[in-house]
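Report on one structure; see the data block that follows.
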Amino acid sequence: MNFRNGLKNTSIISIISYLIKVIILFLLFRAHELEGDRICRSFKDLFYWPDGVCVDMLIVYSTLCVGVMLALDELLFWIKCSTKVRRTSGSKKRKKQPRINEMRRAEQIVDQNDLNDEFDYEQRAKQYIPTEPKYSFERVILPQDIMDTIREAVGMCECANKVFEEWGVYEIQPNPSTAINFWGPPGTGKTMAAEAIAGKLGKKIMKVSYADVVSKYHGEGTKMMKAVFKAASNADAVLFFDEADSLLAKRLTDITQAAEQAINSMRSQLLICLEEFRGIVIFATNLVENYDQAFLNRMINVEFKKPDAATRKAIWDVHIISPVDGKRHQLNIPLGRNVDTKELSEKYEIVGREIRNAVVSACISAASAGRNMVAQEDLISACEKIVQEKKSLAKVKGSTVWKGDLYYGNE
């Protein structure tokens with residue numbers, strides 16, 4: 001018996017039971033009011049009963065009706081209980097199946113979201129393309145202590161397979177990575193050193209700037225940051241963040257806008273990526289004092305100082321004369337006999353980038369004058385221009401110039 005049939009039968013029996021109760025009550029009420037022949041005549045008039053009906057027969061019939069009524073009540077109660085039990089058990093079965101289906105649908109949605117996120121990261125990672133390093137390790141001229149630190153970092157990457165795979169150090173460091181922070185005055189060779197490290201390791205370099213990963217929309221910055229590391233991992237490239245102080249700055253505490261919260265989330269995601277990344281990450285900055293301490297504690301910090309006279313001479317030499325290392329080089333500057341790099345290095349306290357700019361300027365000046373050779377005077381003139389430009393900038397109100405190891409502002 002299903003729920004609908006049970007409900008239908010219950011309704012019919014209830015109606016019959018109530019009708020019988022009403023009739024019995026009516027008969028008993030009339031029996032109380034009538035006496036003798038009036039009772040017989042009244043019942044005869046009402047129901048056309050035969051003559052001879054008396055009060056005894058009325059009582060007998062009434063008792064019989066009450067018994068039938070009680071029996072119907074018992075039957076009604078049994079049908080109600082039986083129908084309720086079946087309806088409850090049926091509803092449990094019906095509810096259980098949809099619940100299982102909902103759980104399965106929820107699991108499918110979660111799995112699909114994971115696939116969508118993975119696909120999204122893969123698509124985003126495609127926009128970050130590594131390039132071949134432009135400088136070789138032999139062209140990097142730095143003080144000996146800085147070179148030793150860089151060689152140590154390179155050595156950690158070169159022997160990573162032996163240490164982590166053969167010696168099983170993966171068990172205590174599942175995600176071996178080398179994060180290096182180059183900091184110091186501008187033009188001291190930080191970017192050049194990063195490219196040279198990539199060339200030394202036989203890897204490409206992936207350069208990333210602040211604009212590549214930051215978004216004012218909440219959640220976008222974290223996705224782009226994760227995509228950057230994924231792209232570097234897929235390409236097995238050295239990841240290089242230039243002007244990293246904008247990325248690694250102290251996290252904001254007094255947040256009033258959604259954009260500030262987005263930047264904090266991006267920086268937190270960067271910390272997570274550094275922990276999980278297997279490879280080498282290099283940061284470069286002129287303003288290391290702006291770094292969040294959490295980043296400094298996770299990196300090898302290498303200070304790039306202004307070169308001394310001996311280092312400057314080596315930089316001059318490597319920029320005007322091709323090194324003798326058995327490799328083919330295209331550098332072929334025709335130099336006059338009076339070119340003296342020792343004099344230039346002692347007279348002008350300029351950094352590597354400024355030396356390179358001076359060489360380029362001297363070559364253009366000689367070629368523009370119709371001469372086929374670069375003389376000492378061309379190099380001196382280029383250096384004087386650079387020094388004069390620095391003095392002019394230092395006079396500008398509010399400007400900053402690098403003097404020694406610190407910035408001094410002309411307020």
Here the gap from L271 atom CG to L274 atom CG, rounded to the nearest 0.5 Å, amounts to 6.5 Å

Which heavy atom of T341 sits nearest to which heavy atom of I320, and what is that distance?
CG2-CD1, 3.4 Å

D292 (side chain) donor-acceptor with F295 (main chain) under 3.5 angstrom
no

CG (L239) and CD1 (I280) are apart, to the nearest 0.5 Å, by 10.0 Å

Do E354 and Y348 pair up side chain to side chain, a donor and an acceptor below 3.5 Å, judged on atom types alone?
no

Can you name the closest pair of heavy atoms from M206 and I129 and give their distance?
CE-C, 4.4 Å

First locate atom NZ of K190, then atom CD1 of I180, and finally report the distance between them rounded to the nearest 0.5 Å.
14.5 Å

Worked verdict on F182 versus M192 for side-chain contact (heavy atoms from CB on, under 4.5 Å):
CA-CA 11 Å; F182 293 159; M192 186 178 184; over 6 Å; no

Without swapping roles, check the side chain of S365 against the backbone of S361 for a donor-acceptor pair under 3.5 Å.
no

Taking the side chain as C-beta and beyond, is there a heavy-atom pair between I205 and P130 under 4.5 Å?
no

Scanning both residues in full, the closest heavy-atom pair of M225 with L270 reads SD-CD1, 3.6 Å

Do the side chain of R298 and the main chain of A294 share a donor and acceptor less than 3.5 angstrom apart?
yes

If you look at every heavy atom in V359 and H319, which pair is closest and at what distance?
CG1-O, 3.8 Å

Taking every heavy atom of C273 against every heavy atom of K226, the minimum-distance pair comes out as SG-CA, 4.1 Å

With distance as the sole test, does R267 use its side chain to make a donor-acceptor pair with the main-chain N or O of L247 at under 3.5 Å?
yes

Please answer whether the main-chain N or O of Q388 pairs with a side-chain N or O of S392 as donor and acceptor at a distance below 3.5 Å.
yes

What's the spacing between N332 CG and I321 CD1 if we round to 0.5 Å?
11.5 Å

Mind listing the closest non-hydrogen atom pair of R139 and V318 along with its distance?
NH1-O, 2.6 Å

Testing the 3.5 Å rule here: is there a donor-acceptor pair between the side chains of S381 and D378?
no

Would Y291 and N181 count as having a side-chain donor-acceptor pair, cut-off 3.5 Å?
yes

So, does T222 use its side chain to make a donor-acceptor pair with the main chain of Q269 at under 3.5 Å?
no

Atom CD of residue position E152 - does it have more than 12 heavy atoms of other residues, nucleotides or ligands inside 6.0 Å?
no

With no hydrogens and no angle check, just 3.5 Å: does a side-chain donor-acceptor pair link D212 and Q127?
no

CG of N297: more than 12 outside heavy atoms within 6.0 angstrom?
yes

Measuring only between side-chain heavy atoms, which start at C-beta, is E343 closer than 4.5 Å to I380?
yes

K342 backbone acceptor or donor facing S345 side chain under 3.5 Å:
yes

Could you check whether any side-chain heavy atom of F137 comes within less than 4.5 Å of a side-chain heavy atom of M147, counting everything from C-beta outward?
yes

Do V374 and V339 have side chains that get closer than 4.5 Å, going by heavy atoms?
no

Tell me whether the guanidinium CZ or amine NZ of K207 lies under 6.0 angstrom from the six-membered ring centre of F240 and within 45° of its axis.
no

Measure the spacing between CD1 of I386 and CZ of R353 and express it to the nearest 0.5 Å.
11.5 Å

Over 60° means perpendicular and under 30° means parallel, so classify the ring planes of F229 and F277, tilted if in between.
perpendicular

